[in-house]
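Side-chain atoms are counted along with the backbone in the values below, which use heavy atoms only and exclude waters and symmetry mates. Counting starts at 1 for both ligands and their atoms, following the listed order.
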Amino acid sequence: MDRTWNNCRNDFPLLQEKVNDEPLVYLDNAATTQKPRSVIQASTDFYEHFNANIYRGVHTLSQRATAAYEAVRREAAEFIGAKSSAEIVFTKGTTDSLNMVAFGWALHRLGPGDEIAVSPAEHHSNLVPWQQVAKLTGAHLVYLPLADDGQLDLGLARVLIDDRTKLVALAQVTNVLGTIVPIKEVAKIAHQHGAKIVVDGAQAAGHLPVDVQDLDADFYAFSGHKMLAQTGVGVLYGKYDLLEQLTPFEFGGEMIDSVGLDEATFKEPPLKFEAGTQNISGVLSLGAAINYLLAIGQEEIARREQELTQDLLKQLTGLSGVTVYGPKIGTPRGPIVSFNLDGVHPHDLATALDLQGIAIRAGHHCAQPLLAWLGCSATARASLALYNNEEDLAALVKGVENAKEFFAHGLGKIE
Ligand SMILES: Cc1ncc(COP(=O)(O)O)c(C=O)c1O
């Protein structure tokens, strides 16, 4: 593959589309990314050449499908620096992975007086399961405060995480402000108190190099569709001894060892967490996505996205009437920029941009506590991926200026 960024765009068929008669500018990557041809092809190859159910068959197609599926488990393990592929559980995505930890691990281990530490910046997927576990066990949630710029206040985290804390649940990159959470430091604090740390990597995997052993994460969750793969596939990483403690929360075919009339025994992790027929083509697409990202290089992707994000921050901050949220320019962050235009609801702004072919997100971004912390009910959010470029940023800035003109005077280039 040619590694220049503009050529990389050519690998993504959807980026060649027009929307509302304008060339598409896709800046909603935190919701889901577009897919390169090799990812689409991985699924097509499966259905055209070796579609069969995994594990169950002795026939050649089944063996081929099983081998391809298990190869992705090894690739995923390497991708995030796991010790072994046995620590990789395939799931439907981050939400599914986090619920597995909540209801398969925390529910059975927490009780009254125990604490679960989260931050107000969490996506609902990394908050609501913990609220439910707290309700069911009598444990309670402790919120680790944010500093004024939206970054986790590590000093206060040091104070609030104590021997009552049993679990710390934090995103590595937050989905509204793009803040990068110092997971390694928080893991150290959690472990000093005997607590476990579960990391929501939905906005990190595919954007930053991830090394779960270096972070010392106990559990790490991510979604394929936010890192170039298909929807409906994701990963739960867990240290093997913790996966051994995890109770499956789905039971059925394939995860069992043997079944009697009243009792059943289960396979060892990770297979005991993969009940029923799995999303085989999704897993294969995840393998292709990992290979695509590795061919460019995780460091290189992070560097490129960081450069573009800082550039976008500068440009948006320079526009009058625009408020940009989160850490100030120069502070490293994930490729996510939330902003508002004075006097214009973000949904109206997003609609005005859509008419110009520009896709962004508007709303609460499944992070209502964070929006309350920001003091607004919604923001506009532009989020980048490896295929975005300077022209995309220029189009967004021009689009916001057009919208500003239109909403102020009913003029400008918005049909
Ligand atoms: C930080 C974060 N966590 C979790 C999720 C949930 O991911 P999924 O819908 O793929 O399960 C998202 C999705 O936007 C997210 O941004």
Side-chain angles (χ1 to χ4, degrees), residues 26-35 39 76 80 89-103 118-132 144 146 150-152 168-181 183 186 197-208 210 215 217 219-237 249-250 273 279 282-283 285-286 289 305 309 325-326 333-338 359-371 373-374 378-385:
Y26 188 76
L27 295 169
D28 192 19
N29 294 287
T32 198
T33 60
Q34 299 305 338
K35 322 302 175 197
V39 164
I80 60 165
V89 181
F90 290 124
T91 66
K92 294 199 290 258
T94 306
T95 305
D96 194 30
S97 301
L98 293 169
N99 274 279
M100 267 188 191
V101 182
F103 294 99
V118 292
S119 95
E122 299 314 309
H123 186 282
H124 297 161
S125 292
N126 194 31
L127 181 57
V128 181
W130 309 121
Q131 290 176 344
Q132 296 306 306
L144 304 177
L146 306 178
Q151 300 204 83
L152 188 80
V168 179
L170 292 173
Q172 187 175 11
V173 174
T174 59
N175 71 309
V176 179
L177 301 179
T179 49
I180 300 175
V181 177
I183 294 296
V186 181
I197 181 163
V198 49
V199 182
D200 170 354
Q203 298 297 346
H207 295 286
L208 306 172
V210 173
L215 294 173
F219 294 103
Y220 192 98
F222 63 96
S223 299
H225 73 99
K226 292 183 193 290
M227 46 165 280
L228 314 184
Q230 261 179 234
T231 52
V233 64
V235 165
L236 172 65
Y237 157 84
F249 92 124
E250 278 192 334
F273 305 110
N279 181 357
V283 166
S285 82
L286 179 64
E305 290 183 355
T309 304
Y325 301 99
R333 60 154 96 186
I336 295 173
V337 179
S338 279
I360 64 153
R361 195 76 153 182
H364 57 59
H365 314 296
C366 298
Q368 285 179 334
L370 193 266
L371 273 285
W373 183 86
L374 288 174
T379 71
R381 181 186 72 181
S383 52
L384 313 179

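Scanning the protein heavy atoms around atom 3 (N) of ligand 1, the nearest turns out to be Asp200 OD2, 2.5 Å. Shortest contact from atom 16 (O) of ligand 1 to any protein heavy atom: Gln203 NE2, 2.7 Å. Atom 9 (O) of ligand 1 has as its closest protein heavy atom Thr95 OG1, 3.8 Å. Looking only at protein heavy atoms, the nearest one to atom 15 (C) of ligand 1 is His123 CD2, 3.2 Å. Of the protein's non-hydrogen atoms, the one nearest atom 14 (O) of ligand 1 is Lys226 NZ, 2.6 Å.
Note on ring orientation: taking the six-membered ring where Trp is involved, the planes of His364 and His124 are tilted (angle from 30° to 60°).
In this structure, the separation between CD on Gln368 and NE2 on His123 is 11.0 Å, given to the nearest 0.5 Å. To the nearest 0.5 Å, atoms CZ (Arg361) and CG (Leu27) are separated by 13.0 Å. Atom CD of Glu122 is separated from atom OG1 of Thr174 by 8.0 Å, given to the nearest 0.5 angstrom.
In the vicinity of Asn175, heavy-atom distances shorter than 4.0 Å reach the ligand 1 atoms 1 (C), 16 (O). The ligand atoms of ligand 1 that sit less than 4.0 angstrom from a heavy atom of Ser125 are 4 (C), 6 (C). Shown in contact with Ser223 at under 4.0 Å from a heavy atom are these atoms of ligand 1, numbered in order with element: 7 (O), 8 (P), 10 (O), 11 (O). Those atoms of ligand 1 with a heavy atom of Ala202 less than 4.0 angstrom away are 2 (C), 3 (N), 4 (C), 5 (C), 12 (C), 15 (C).
Ala121 and Leu146 get closest at one heavy-atom pair: CB-CD1, 4.2 Å. Ala171 and Asn126 get closest at one heavy-atom pair: N-ND2, 3.8 Å.
The backbone N or O of Gly363 sits less than 3.5 Å from a side-chain atom of His365, completing a donor-acceptor pair.
With a 4.0 Å cut-off on non-hydrogen atoms, Lys92 does not touch ligand 1 at all.
When Thr179, Val181, Leu170, Val186 are each tested for a side-chain contact (heavy atoms from CB on, under 4.5 Å) with Ser119, only one passes: Leu170.
Polar contact with ligand 1: absent for Asp96 (N/O pair, distance under 3.5 Å).
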